[in-house]
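First comes the structure, then the notes that go with it.
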Amino acid sequence: MVALTRDGLETSELPLPKDQAPHHVAIIMDGNGRWAKAHGLPRTEGHRQGTENLRRILRSCVKFGVKILTIYAFSTENWARPRAEVQMLMRILEGVIDRELDELHRNGVQIRHIGELSGIAPILQRKIKYACEYTRNNTQLILNVAFNYGGRDEIVHAVRRIVADQVPAEDINEALISRYLYTSDLPDPDLIIRTSGELRISNFLIWQGAYSELYTTPTYWPDFDESELGKALIAYGERKRRFGKTDEQLDAS
Ligand code: IPE
Ligand code: IPE
Ligand code: MG
């Protein structure tokens, strides 16, 4: 007998039953430059292909039952890249908003931004704010875009606001700090994926990722397709999330 899910897919086509899929997946989309080099193309083309890939992965996330996708698109450290590349990465985000916003909206995607808006050119800031506002009531998938984002920078901003709000020292706890982060009303990521073989976090969700499962693959981001995402979800399904407890405690609960 073939079990069908609500959208008509055979259950066997899903890497995990939807109710066991990670609720929040975060991806460090790395390797665009090396992908381009391996194909004898300019880095620009790697970023373009990487953007195309995001469209595909968004669809796969919906299909697999992921509810929140956070993507690392531009880090606070990426300002150190050559000026022309920085400008291009800015233009890519602008282009995505201009061209894809309506389709994302039609597909029920709620766009959010995490990171420091004030460092970004005013016109792009306005577009980001508009995209978030325009899609704010959508519920199919939250696409959380980390752009001009750095985990340390986020904590510095949170501390400044806590001080500005004159929060008494005895009221400061983990829940309060979480509320002051860019991700305040989002749950922590269950799974953080990094493409391109690097084994580091590069200042991504350093507070929120404290207990996330980590998955890395040598595949460059433009080649990270649905089957690669499926493999990451299968690996996630095999993990035992202990949150500090023993196996015996988990087995008893
Ligand atoms: C990821 O690809 C995209 C951004 C960091 C904006 P890279 O541009 O870092 O690609 P590699 O790591 O040089 O291959
Ligand atoms: C992390 O990738 C940032 C993004 C994917 C946006 P980088 O390519 O900038 O990271 P490092 O410099 O190799 O650590
Ligand atoms: Mg890189």
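Ligands are counted one by one from 1 in listed order, and the atoms in each one are counted from 1 as well. Basis for what follows: all heavy atoms, side chains included, without hydrogens, waters or symmetry-related copies.
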Under 3.5 Å, is there a donor-acceptor pair between the side chain of [X] and the main chain of [Y]?
| X | Y | result |
| --- | --- | --- |
| Asn173 | Ala175 | yes |
| Gln110 | Asn138 | yes |
| Asn144 | Ile71 | no |
| Asp171 | Val167 | no |

**OP:** For His47, counting its heavy atoms only, list the atoms of ligand 1 lying under 4.0 Å from any of them.
**Re:**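 Listed by number with element: 3 (C), 8 (O).
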**OP:** Quick one: sort the Tyr72 and Tyr149 rings into parallel, tilted or perpendicular, breaks at 30° and 60°.
**Re:**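 Ring orientation, 0 to 90° scale: perpendicular.
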**OP:** Run the salt-bridge test on Lys63 and Glu226 with the 4.0 Å N-O cut-off and return the result as yes or no.
**Re:** yes
**OP:** Salt-bridge test for Arg91 and Glu94: reply yes if a basic N is under 4.0 Å from a carboxylate O, no otherwise.
**Re:**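 Salt bridge flag = no for Glu94 with Arg91.
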Subject >> Neighbouring protein N, O or S atoms of the Mg ion (ligand 3), below 2.8 Å >> reply: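 Every protein N, O or S atom under 2.8 Å from the Mg ion (ligand 3) counted, the figure is 1.
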Check residues 180-188 and write down every donor-acceptor pair under 3.5 Å in which the side-chain atom is one partner and the other belongs to a residue at least two apart or another chain.
{"residue": "Tyr180", "atom": "OH", "partner": "Asp165", "partner atom": "OD2", "Å": "2.6"}
{"residue": "Tyr182", "atom": "OH", "partner": "Glu116", "partner atom": "OE1", "Å": "3.2"}
{"residue": "Thr183", "atom": "OG1", "partner": "Gln208", "partner atom": "NE2", "Å": "2.8"}
{"residue": "Asp185", "atom": "OD1", "partner": "Arg112", "partner atom": "NH1", "Å": "2.8"}
{"residue": "Asp185", "atom": "OD2", "partner": "Arg112", "partner atom": "NH1", "Å": "3.4"}

Original post:
With a 6.0 Å cut-off on ring centres, are Tyr236 and Tyr215 close enough?
Top reply: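 No, they do not, as the ring centres are separated by 6.0 Å or more.
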Pairs under 3.5 angstrom, nitrogen or oxygen on both sides, ligand 2 versus protein: list them out, please.
{"residue": "ligand 2", "atom": "8 (O)", "partner": "Asp30", "partner atom": "OD1", "Å": "3.2"}
{"residue": "ligand 2", "atom": "8 (O)", "partner": "Arg81", "partner atom": "NH2", "Å": "3.2"}
{"residue": "ligand 2", "atom": "9 (O)", "partner": "Asn78", "partner atom": "ND2", "Å": "2.9"}
{"residue": "ligand 2", "atom": "9 (O)", "partner": "Arg81", "partner atom": "NH2", "Å": "3.4"}
{"residue": "ligand 2", "atom": "10 (O)", "partner": "Arg194", "partner atom": "NH2", "Å": "3.2"}
{"residue": "ligand 2", "atom": "13 (O)", "partner": "Arg200", "partner atom": "NH2", "Å": "2.8"}
{"residue": "ligand 2", "atom": "14 (O)", "partner": "Arg200", "partner atom": "NE", "Å": "2.8"}
{"residue": "ligand 2", "atom": "14 (O)", "partner": "Ser202", "partner atom": "OG", "Å": "2.6"}

**OP:** For ligand 1, indicate whether the residue Arg43 contacts it via side chain, backbone, both or neither (heavy-atom separation under 4.0 Å).
**Re:** side chain
**OP:** Return the set of residues passing ring-ring contact (aromatic ring centres under 6.0 Å, His included) with His105 (not counting sequence neighbours), or none when no residue passes.
**Re:**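 Residues passing ring-ring contact (aromatic ring centres under 6.0 Å, His included) with His105: Tyr134.
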